Chemist: 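Submitted below is the structure of interest, expressed as structure tokens.
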Protein chains: 2
Amino acid sequence: MDKKSKSLSKNQKIVLDFIQKNKKPVKAYSILSNVQKKGINAPPQVYRALDKLIEIGKIHRVESQNSFVACKISNCNTPHKTVFSICNSCEIVSEINDPKLFKNLKDFRDKDGTVFDGYNLEFFGTCKSCKNKQIENTKH
Amino acid sequence: MDKKSKSLSKNQKIVLDFIQKNKKPVKAYSILSNVQKKGINAPPQVYRALDKLIEIGKIHRVESQNSFVACKISNCNTPHKTVFSICNSCEIVSEINDPKLFKNLKDFRDKDGTVFDGYNLEFFGTCKSCKNKQIENTKH
DNA sequence: AAAAATTTGTTATATTATAACACTATACTC
DNA sequence: GAGTATAGTGTTATAATATAACAAATTTTT
């Protein structure tokens, strides 16, 4: 049996389930208030589950937002190698899956030749939907 | 006269000065306690200065650390286009200035063809100095 | 079944960041 | 240079994010 498929604990399942239901990244305290009915009462219970889920790659942390999002890349078990696009307007986050970019990042060495274990890349811009809305608004 | 060289306010100078003196990134409350003798008394005064300094590109925010570091790229006035390497062990942060990587990031488009205004890339690994120390330790 | 490792539940507290408001200084423009 | 717009200051209070510490329960390993 695959080591990575070891089953999740109760709290880990509850937290993961809530994150996966959301299209947008969610905040820790929003998770907390939404899962209190399921018996999770205090911040440490949420943060522990988050830590574990990040460690096994099921979710990622969006650093610039202090928020958490489900991994969209199937069978991803590589935490800490993440690329996101973030809309400055609606704050929606998409995980980017671009082989060429991944290769560039994987192969990157600094001046010392240091190899890196991981990376986090966040692109900022205006998503298509928000851009269209802006154009609509200028028409009036 | 260059628009970008407009002079900084008193608090902005104090905060920038302190950040530039430090090799490692500094935390907001560490800045606060270190500049209290200069007349900065409360968090908002620090955060306002930080916001402005980030906006004009004099400093950058290290998202994964909630810390702030002076820009090392001369005449940088482009905020929100940053690449750092971060040592997992000593937490030292270096700003990376790699033209090829910059080009890759600048030219990146997502599937929709969206152009991005900015990006933040953080590489994680073990710096040369920490790696050497680890090797030293295994010898004993 | 005993030992080890992980997860849980809980209280308290640390850390990071912003809201709101009255006031002052600087720059802009006529 | 008087008036006004813009940016910055000082302050109090509080919001938002995250962890320490410890005892108990559960699961995994030997």
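The structure presented is a predicted model; accordingly, all values stated were derived computationally and were not measured. Heavy-atom basis, side chains included; hydrogens, waters and symmetry copies ignored. So you know, we letter chains A, B, ... as the sequences are listed, proteins then strands, and number each from 1.
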Chemist: Looking at DNA chain D, which of residues 25-33 of chain A put a heavy atom within less than 4.0 Å of it?
Modeler: A/Lys27, A/Tyr29

Chemist: Specify the separation, in whole Å, of atom CD1 of A/Ile14 and atom P of C/dT7.
Modeler: 14 Å

Chemist: Calculate the interatomic distance between A/Lys10 atom NZ and D/dT27 atom P; express it in whole Å.
Modeler: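 Value for this atom pair: 11 Å.
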
Chemist: To the nearest Å, give me how far apart CD (B/Gln45) and C1' (C/dA20) are.
Modeler: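 The distance from CD of B/Gln45 to C1' of C/dA20 comes to 15 Å, rounded to the nearest Å.
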
Chemist: Could you go through the side chain to side chain donor-acceptor pair (under 3.5 Å) check for A/Glu122 and A/Ser64 one step at a time?
Modeler: CA-CA 8 Å; A/Glu122 298 180 5; A/Ser64 62; 2.6 Å; yes

Chemist: Can you tell me how far C1' of C/dA20 sits from OH of B/Tyr47, to the nearest Å?
Modeler: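 To the nearest whole Å, that distance equals 18 Å.
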
Chemist: For B/Ala49 and for B/Asn66, locate the closest nucleotide of DNA chain D by heavy-atom distance; then report the residue assigned to the nucleotide nearer the 5' terminus.
Modeler: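 Between the two, 5'-proximity favours B/Ala49.
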
Chemist: Figure out the CG/C1' separation between B/Asn11 and D/dT11, and round it to whole Å.
Modeler: 13 Å

Chemist: Report the distance from atom CD of A/Gln12 to atom P of D/dT27, rounded to the nearest whole Å.
Modeler: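 For the pair A/Gln12 CD and D/dT27 P, the rounded distance is 12 Å.
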
Chemist: Is a salt bridge present between B/Lys103 and B/Asp107, judged by a nitrogen-to-oxygen distance below 4.0 Å?
Modeler: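 Yes.
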
Chemist: Between B/Leu50 (CG) and C/dT18 (P), how many Å, whole number?
Modeler: 10 Å

Chemist: How about B/Phe108 and A/Phe123: are their ring centroids closer than 6.0 Å?
Modeler: yes

Chemist: Side chain of B/Ala42, heavy atoms from C-beta onward: which of C/dT7, C/dA17, D/dT11 has the nearest atom to it?
Modeler: D/dT11

Chemist: Rounded to the nearest angstrom, tell me the gap between atom CG in B/Asp51 and atom P in D/dG8.
Modeler: 11 Å

Chemist: Is it true that A/Asn120 and A/Arg61 share a donor-acceptor pair across their side chains at a distance under 3.5 Å?
Modeler: no

Chemist: Establish whether the base of C/dT10 is bridged to the side chain of A/Arg48 by a donor-acceptor pair shorter than 3.5 Å.
Modeler: yes

